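What follows is one structure encoded as structure tokens, with my remarks underneath.
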Amino acid sequence: MTNKLIDKRTIFKIKDLNLWYGNDQALKGLNYDINEHDVTAIIGPSGCGKSTFIKTLNRMVELIPSVRTSGEILYNETNIFSKSFRVEELRTKVGMVFQKPNPFPKSIYENVVYGAKVHGIKNKSQLMEIAETSLRSAALWDEVKDRLNSNAYGLSGGQQQRLCIARCLAIQPEVLLMDEPTSALDPIATAKIEELIVELKKEYTIVIVTHSMQQAARISDETAFFLLGELIEAGNTKTIFTTPRDKRTEDYITGRFG
Amino acid sequence: MTNKLIDKRTIFKIKDLNLWYGNDQALKGLNYDINEHDVTAIIGPSGCGKSTFIKTLNRMVELIPSVRTSGEILYNETNIFSKSFRVEELRTKVGMVFQKPNPFPKSIYENVVYGAKVHGIKNKSQLMEIAETSLRSAALWDEVKDRLNSNAYGLSGGQQQRLCIARCLAIQPEVLLMDEPTSALDPIATAKIEELIVELKKEYTIVIVTHSMQQAARISDETAFFLLGELIEAGNTKTIFTTPRDKRTEDYITGRFG
Amino acid sequence: MEKVTGVREIIKNNFNSNKGRLMEKVMPKAFLLAASISIITTIGIAFTLVFDAYKFFSKVPFKDIFSTRLAPLASTPAFGILPLINGTIIIALIAMSVAIPVGLTSAIYLSEYASENIRRTLKPIMEVLAGIPTIVYGFFAYSFVTPLLMKAIPSLEAKNALSPGIVMGIMIIPLVASLSEDAMNSVPNSLREGALALGSTKLEVALKVIVPAGFSGIIASFVLGISRAVGETMIVAIASGSSKNFTFDITKSMQTMTAYIVEFTSGDAGSGTLGYYSLYAVGLLLFIFTLLMNLLAQYISKRYREEY
Amino acid sequence: GGNEEQTTTGNSEQQGQQEEQTTKLQGAVIVDGSGTVYPLMAHIAEEYMTTKEANVSVQVGRAGSSAGFKKFIPGELDFADASRAIKKEEVEQLEERGLKLGEDILEFKLALDGLTMVINKDNDWAKEMTAEEVVNMYLSGTYRADDKVLWSDIRPEWPKEEIKFYGPNENHGTYEFFWEVILGKQDIVKTANLQQEYPTLVDLVSRDKNAIAFFGFGYYVNNTDKLRAVKIDFGNGPVEPTLETIGEDLPYAGFTRPVFTYLNAQYASEKPQVLDFAKYVVSPQGAARLAGENGFAPLPAAQYQEYLKQLETIK
Amino acid sequence: MSYQIEDKGELKTLLNIETKKSNMTRRIILDRIARNIFLISTIFALLVLGILIYKIWVDSVGWLNFKFLTSNLSIFPHKAGIWGAIVGSFLLMAIVAPVTITLGVSTAVYLEEYAIKGKLQSLIKMNISNLAGVPSVIFGLLGLTVFARLLNLGSSILAGGLTMSLLVLPIVVVASQEAIRSVPSFLRDASYAMGATKWTTIRKVVLPVALPGILTGSILALSRAIGETAPLVVLGIPTLILRIPSSIMDNFTALPIQVYYWTLDAVLTREYANLAAATIVVLMLMLAIMNSTAIIIRNKFQKRY
Ligand SMILES: Nc1ncnc2c1ncn2[C@@H]1O[C@H](COP(=O)(O)OP(=O)(O)OP(=O)(O)O)[C@@H](O)[C@H]1O
Ligand SMILES: Nc1ncnc2c1ncn2[C@@H]1O[C@H](COP(=O)(O)OP(=O)(O)OP(=O)(O)O)[C@@H](O)[C@H]1O
Ligand SMILES: [Mg+2]
Ligand SMILES: [Mg+2]
């Protein structure tokens with residue numbers, strides 16, 4: 001079903017993934033590879049399991065007690081469900097940005113260095129360096145450099161979302177998962193984030209859930225279309241948007257449902 | 001603006017009605033007559049003041065503390081805002097059915113006779129007679145006659161709504177106000193209520209708010225179209241739906257907005 | 001469609017008769033009257049205390065109460081309040097040093113670690129614990145905890161500050177735990193997820209994100225706990241004795257303000273004597289103190305609510 | 001506790017004596033005062049209510065002797081119990097209210113208490129002391145200026161360890177008796193640790209080898225497993241305080257004190273139940289019979305007889 | 001707009017994979033340890049509850065029997081019973097229940113249905129939450145001064161009951177407010193729309209629907225009142241009282257008072273401690289019954305609409 005270029009390394013290899021919330025199956029027999037340094041867009045109508053899917057990639061989905069999974073997800077060749085793979089380690093490597101910006105009720109600086117502190121860095125100047133680098137990478141440095149110690153809730157929604165991205169970048173993840181990161185933002189803030197994603201792609205592998213076909217087309221290399229928990233079609237974004245192979249994909253892309 | 005047939009008696013005469021929620025004006029200079037034994041449909045996009053309008057007719061709107069009104073509403077020639085008109089008396093004569101069925105958490109019987117009891121009727125056999133007649137009028141008697149003493153919450157949504165209608169009828173009002181009475185119901189239950197409305201029209205004056213153009217067309221004699229608190233156009237339903245005079249009415253009816 | 005005859009007429013007649021209308025006028029007034037009872041109670045308390053405390057202070061100069069000698073019935077009576085304040089504070093401190101760590105950690109466990117089932121079982125048990133009359137805790141302190149502690153600390157006296165302090169702390173645990181848990185629960189889940197997604201352990205989430213975010217509610221629960229500890233009576237009346245010595249030794253008997261009131265009203269002071277009025281002075285102090293604490297708790301939880 | 005019940009249920013002789021009163025009495029009798037007297041008074045009250053007048057409610061409190069008088073003087077009580085005699089100031093306060101001791105206020109000795117010196121069970125040297133030694137050791141300055149008295153100061157062969165002095169505090173009639181009668185109103189040692197509560201005293205002495213305390217015999221007999229009573233030598237050899245030795249003409253007389261109750265005679269004449277209870281208290285069924293069970297020695301029967309006569313005059 | 005991504009190498013050295021890894025184990029172990037400590041600390045409270053109940057039960061064994069429940073007080077442990085205290089506690093409740101429920105529910109109705117949002121309403125609300133925090137001894141002093149001495153009720157059941165009523169009033173008010181607030185407004189609307197007056201609506205719709213919540217709160221308030229000791233001690237309940245009270249003007253004793261005096265007197269007569277324990281068992285059983293009733297009511301009537 002997938003259609004990869006040969007020179008890219010696979011970072012996530014998903015094999016026969018099934019997921020249940022109690023008795024309701026939300027993901028059905030997924031097989032999919034995600035490549036390094038790609039922006040992979042996950043699209044599909046509401047309730048099709050997009051969020052569930054990306055939350056499975058960093059095992060955040062396990063926070064819901066009723067969740068059960070079967071199948072494998074290989075992250076750099078290791079099964080993330082195996083006992084030896086600690087969930088904290090996975091989440092350090094696979095960062096996540098949420099739909100609604102969720103900065104901590106602390107200062108901007110404290111938000112950015114949170115992860116680094118947690119991971120044991122105590123040196124003040126080192127932390128400052130991390131903060132600056134991450135904020136620069138998230139294209140937020142210039143806007144906040146004079147008020148690093150003010151509360152993060154004073155920022156606008158778009159700034160908050162970039163702060164959350166900076167917070168992720170500060171612990172040097174390899175993958176960034178983004179669940180509709182712009183759906184709570186206005187068009188200008190959205191544009192900024194999209195630009196940022198394109199920029200970040202050089203260094204990170206990005207998986208992004210989006211409701212906006214346009215957004216997927218604009219920023220992603222690969223697109224995967226989900227429907228009712230199934231992966232209907234996936235592949236190069238251009239191909240998917242121009243010549244979808246599945247009727248349902250076409251219907252969805254052309255706005256016939258969803 | 002209105003266009004009445006000569007032989008019908010006016011039951012509500014609305015003159016220069018303005019209504020404010022705090023500083024927000026929700027009804028703007030309304031002038032409108034409602035005729036006896038008509039079904040008058042109030043239509044318009046969400047937030048245009050439909051509910052506010054019909055809640056003003058029985059002064060239920062006054063339960064919201066911030067509400068202020070100006071202008072007059074004559075009910076059978078008496079201004080309902082005048083001191084001598086007691087609000088309880090008005091509400092007894094002008095019954096109301098709400099969007100979501102709202103039976104009391106009591107038995108079916110107790111629900112129907114609630115109004116009668118409140119208004120001082122104590123005689124058991126008279127109450128039973130009232131219950132039966134009202135339930136019959138609301139086309140519910142056959143369905144519930146064997147379980148009058150079971151809780152009203154055991155009924156289906158459509159039955160509950162008819163129970164609420166029966167509860168209204170029990171105190172023999174002259175007017176029935178209905179605020180989207182079928183919007184919480186499935187199509188079959190909706191059809192039953194619509195049938196009932198057509199039946200009740202013989203005895204009662206009915207004012208009904210609806211979101212469904214089809215419903216308005218099906219059951220009403222007169223239609224009034226509201227927009228942003230203003231009465232844009234009103235008149236014979238057929239006329240409104242076939243040859244609206246106002247561009248905005250036409251746009252709304254043809255589904256161009258709302 | 002037939003109609004029951006007469007309904008409209010009956011209703012109309014009833015409207016014209018003025019029944020009901022009277023009720024409509026009277027009831028709100030009756031309810032207001034009932035509601036004002038609570039205000040009258042507060043005024044009553046304030047008045048009672050101030051009135052008799054005034055009588056006390058008109059005989060005992062205000063500065064005399066800042067002494068460490070308290071001997072209300074001695075031939076030369078002395079009304080130094082410092083021993084009572086000292087006893088109250090020390091016992092409250094002991095109580096809070098039990099209640100705060102245990103209460104807070106229980107709250108963290110319940111809010112961050114426990115499964116829904118465990119939470120649902122443990123919370124009602126906490127409620128039971130909170131509902132046990134304090135006299136029972138008093139009995140428990142005196143007849144169980146004190147003898148137990150005596151084995152560990154030979155110098156402990158039969159009546160001492162330590163044992164009631166600890167038991168009072170146990171009594172306050174549910175209060176601190178449940179209020180803190182509420183505060184932590186009201187921290188939005190998105191913050192939890194945000195922290196977990198950064199690879200934090202639950203401990204880090206709890207200590208670095210949840211507790212700081214719910215801090216005001218947690219502090220408010222501490223303040224209420226302190227207020228409870230200061231106002232608690234029966235445990236200290238039974239287990240801490242009534243020594244009026246000014247001491248910091250928690251193995252010795254101490255008296256709190258509440259215990260002083262109980263000791264004296266349970267008979268010692270005939271009405272009209274100076275000792276009798278001294279009760280009200282102590283009561284006034286206690287009242288003002290707990291009032292301030294309660295206001296502080298309300299202020300904290302109101303002021304810092306809805307930060308996120 | 002040693003006070004097991006031996007109540008006779010019928011008590012026919014009692015009823016026979018009171019035959020002239022056919023009407024059942026009712027109402028309340030309010031008693032308060034000394035905690036030392038409390039067990040005895042409460043016992044009498046209970047007997048009275050269970051075997052004689054079931055409709056009378058005798059309420060016995062134990063605020064302390066001084067506190068009892070403070071309530072008694074303004075008329076809040078029918079009886080004030082005291083483990084010491086009423087003081088001059090208290091009599092004066094009564095007179096200010098127009099009440100004269102002996103007329104409006106009647107004093108009854110209820111029973112006799114032996115002031116008991118208690119020591120730790122492990123104290124095997126001070127089991128016997130002379131009365132003079134006891135007085136001297138408690139007097140401030142007898143042995144040392146700082147009052148840090150060693151056992152060896154009293155008798156050289158005793159250990160060179162500091163004595164820990166304990167006793168009830170000023171709120172208690174027991175202290176007042178000790179200070180006024182035994183110490184002759186001279187200063188008590190500065191190192192004395194005076195406590196409000198008896199449990200604390202019992203506990204302190206039972207855990208400290210070098211402790212000594214004084215309190216009423218009643219508290220001692222209930223704690224004989226924890227404490228040891230010092231035998232006191234009043235000049236005729238050491239005497240152990242027991243019910244047989246405590247009494248004004250008996251060997252322990254030196255440390256014997258009477259305990260009292262004071263009756264408001266006005267109330268007694270106004271309220272028949274008060275008078276009736278007063279009579280019961282001094283009757284053979286009352287204090288005389290129940291003293292022993294509560295750690296007191298009874299007075300000579302003639303004394304009670306005299307009180308009864310005094311009460312007969314009240315109308 | 002274009003963003004310059006900083007050289008990542010620099011960051012990599014700051015927070016290299018090795019640091020993360022080596023810390024990871026420590027952090028996870030710490031988390032596990034903390035989890036267990038927190039669990040133990042939660043269980044601690046339960047453990048104490050267990051010990052408390054066990055200890056009191058052991059002390060009461062052999063003393064808690066039919067005779068103990070039905071006999072009158074006595075200074076002799078083997079004769080003593082708590083019938084008088086049981087009757088006293090019940091009579092006390094007979095005052096507290098009607099007084100607090102009437103006052104409490106009325107106050108709640110006023111606050112939720114009649115009061116206009118403003119100074120007076122917030123004053124009353126703040127006042128009630130403050131009253132809830134006033135120590136019970138202070139209520140005792142109020143009772144002593146106002147009911148016992150000023151109104152000359154002495155230490156009668158009436159005085160005790162009124163004092164207790166004021167003490168637990170805030171509990172009933174808050175619970176009733178909660179219950180009334182949770183009555184959905186569409187039920188009120190339905191009633192108003194039929195021409196019912198406000199009072200009728202409250203009486204026929206709001207209060208019946210809020211009843212379970214009100215009852216639960218009232219029972220909890222009563223169970224607080226039945227165990228409160230300090231106000232009664234301050235009122236000056238006599239130590240020994242044999243008469244079984246027959247009217248609310250009589251003096252009385254109550255279960256917690258008996259626990260108090262017996263605990264204090266245990267030094268005089270050791271068996272009093274057993275009596276106290278046995279009385280506690282009775283008291284706790286009463287509380288258990290009351291609380292389970294409250295829970296049953298709460299569960300049975302939970303949300304029907
Ligand atoms: N916590 C949960 N418990 C039970 N079922 C859930 C839970 N979360 C999601 N589901 C169900 O799983 C399915 C997939 O949900 P998911 O949130 O992954 O959809 P989505 O594609 O992200 O939708 P949206 O576009 O609305 O965010 C849905 O049917 C949803 O109802
Ligand atoms: N309680 C209220 N307080 C303040 N403003 C209100 C209130 N209720 C309604 N409004 C405002 O008054 C306007 C008219 O509201 P109304 O509910 O009458 O609209 P509607 O036509 O019934 O809409 P819908 O079709 O959504 O029911 C809206 O702008 C609404 O926001
Ligand atoms: Mg989603
Ligand atoms: Mg509406």
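FYI, side chains are in, hydrogens and waters are out, and symmetry mates aren't considered; it's all heavy atoms of this structure. Letters go in sequence order (proteins before strands), and every chain restarts at 1. The model shown is predicted, which means the values in this text are computed figures rather than measured ones.
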In terms of heavy-atom pairs under 4.5 Å, which option from [options] contacts chain C the most?
options	value
E:L123, E:L144, E:L169	E:L144
E:L220, E:L141, E:L235	E:L141
E:G140, E:P256, E:G133	E:G133

What are the two closest heavy atoms between [X] and [Y], and how far apart are they?
X	Y	answer
E:A34	C:L203	CB-CD1, 3.4 Å
E:L283	C:P133	CD2-CG, 4.0 Å
C:L49	E:I138	CD1-CG2, 4.0 Å
C:M126	E:A45	CE-CB, 4.4 Å
E:G227	C:I135	O-CG2, 4.0 Å
C:T233	E:S136	OG1-OG, 4.4 Å

Contacting moiety of [X], where chain E heavy atoms sit under 4.5 Å:
X	value
C:L104	neither
C:A237	both
C:T290	side chain
C:I170	side chain
C:I45	both
C:K29	neither
C:F140	side chain
C:E112	neither
C:E204	side chain
C:S227	side chain
C:Y142	side chain

Any side-chain to backbone donor/acceptor pair from [X] onto [Y]? Under 3.5 Å, distance only.
X	Y	value
E:D31	C:T201	no
C:E24	E:K198	yes
E:S41	C:T105	no
E:N127	C:T42	no

Pair [X], [Y]: side-chain N/O donor-acceptor within cut-off below 3.5 Å:
X	Y	value
C:S36	E:Y110	no
E:N130	C:Q298	yes
C:T48	E:T145	no

>> For C:Y137 and E:L52: C-alpha separation, side-chain torsions, deciding distance, then whether side-chain contact (heavy atoms from CB on, under 4.5 Å) applies.
In response: CA-CA 8 Å; C:Y137 283 107; E:L52 187 149; 4.0 Å; yes

Examine whether an atom of [X] lies under 4.5 Å from a heavy atom of chain C, and if so say whether it belongs to the side chain, the backbone or both; otherwise answer neither.
X	answer
E:T263	both
E:I51	both
E:I28	both
E:A277	both
E:L39	both
E:R35	both
E:I280	side chain
E:L111	neither
E:L166	side chain
E:S129	both
E:V146	side chain

Top contributor to chain E contacts, counting heavy-atom pairs under 4.5 Å, from [options]:
options	result
C:L286, C:I173, C:I118, C:L224	C:L286
C:I132, C:L33, C:L122, C:V128	C:I132
C:G44, C:P28, C:G231	C:P28

Measure the spacing between [atom1] of [X] and [atom2] of [Y] and express it to the nearest 0.5 Å.
X	Y	atom1	atom2	value
E:T42	C:R119	OG1	CZ	11.5 Å
C:S143	E:K55	OG	NZ	4.5 Å
E:F139	C:F287	CZ	CZ	8.5 Å

>> Determine whether E:Y260 and C:V262 satisfy the following criterion, side-chain contact (heavy atoms from CB on, under 4.5 Å), listing intermediate values before the conclusion.
In response: CA-CA 11 Å; E:Y260 176 57; C:V262 161; 3.5 Å; yes

Would you call [X] and [Y] a side-chain contact if the rule is heavy atoms closer than 4.5 Å?
X	Y	value
E:I37	C:Y109	no
E:D59	C:F139	yes
E:I124	C:S38	yes
E:W199	C:F31	yes

>> Out of the candidates E:I56, E:V281, E:V259, only one should pair with C:V136 under the side chain to side chain contact (heavy atoms under 4.5 Å, CB included) rule; please name it.
In response: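 Of the listed options, the one satisfying the test is E:I56.
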
>> I'd like to know whether E:M126 forms a side-chain contact (heavy atoms from CB on, under 4.5 Å) with C:L295, so could you lay out the CA-CA distance, the side-chain angles of the two residues, the decisive distance to 0.1 Å, and finally the verdict.
In response: CA-CA 9 Å; E:M126 200 179 76; C:L295 287 174; 4.1 Å; yes

